[in-house]
Amino acid sequence: MIDERRLREAGAVLAAESARFASMGWMRGTSGNLSLTLDRDPLRLAVTASGFDKSELAPEHVVLVDGKGDLLPGDTRGLIPSAEAGLHARIAAVTGAGAAVHVHAMAAVEAGFHWPEGVAISDMEMLKGIGHSAHGERVVIPVVQNSQDMVELGDRFEAVYRRPAGGIAEVPAIIVASHGMYAWGEDVAAARRHTEITEWLLRFTVRTRAR
Ligand SMILES: [Zn+2]
């Protein structure tokens, strides 16, 4: 069953977020996608539909998908979930995220190009914004190779994702090489914060360390 009201509310939230990230130049063309986790058991996500300019996304341009990222039956509007909805669903399942952001930010693509084994960052005040220490901690933003197969991409994500343990927080972001980045959080505000801070850290790292 599709709860039209909840989907519409989620659509309004995601449309506002899309406009924000598009204004930063991170969702060029129709690239990038966003999700909100609406239900956990079974997993249900509101995901931006494919093919729309994210600077002018409307609340109705959002669809409900299952734990594999597939459109739920009953939606007859002819919208297609983002091609990457499957990875959003995997991130929600593995991390417990309430929201996830995927953008084609140039700094993330550049960082993935320079450091395909992961981008190590330490001694930066902004690390506090993704739950880590400003000093004395080496934080690695993982990089995975790109794939058009969301199951394969999800497996690559799970292989590098480190769950929070022993008082050490997760790294709430990942770079997909030659593609872009994902960031997530307990709610849309946290996902936004993690996206913007990770992009900032990657931009600084590329500017100061890339040769
Ligand atoms: Zn993408």
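Atoms within a ligand are numbered from 1 in the order they appear, just like the ligands themselves. These numbers come from the heavy atoms of this one structure, side chains and all, not from hydrogens, waters or symmetry mates. Position 1 is the first residue of the sequence, and the numbers go up from there. Predicted model only: the values in this text are computed from it and were never measured.
Formation of a donor-acceptor pair under 3.5 Å by the D39 side chain with backbone atoms of D41 is not found in this model.
For the residue pair E170 and W184, a side-chain donor N or O sits within less than 3.5 Å of a side-chain acceptor on the partner.
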message: Under the criterion side chain to side chain donor-acceptor pair (under 3.5 Å), I'd like the reasoning laid out for H102 against N33: C-alpha separation, chi angles, the key distance, then a yes or no.
response: CA-CA 5 Å; H102 169 54; N33 33 71; 4.6 Å; no
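Each protein N, O or S atom less than 2.8 Å from the Zn ion (ligand 1) was counted, giving 4.
Taking the ring-ring contact (aromatic ring centres under 6.0 Å, His included) definition, one finds that H88 meets it with Y182, sequence neighbours left out. With sequence neighbours excluded, the residues satisfying ring-ring contact (aromatic ring centres under 6.0 Å, His included) with H61 are F52.
Through side-chain heavy atoms spaced under 4.5 Å, either directly or across other Ile, Leu, Val, Met, Phe, Trp or Tyr residues, V151 is tied to no other residue.
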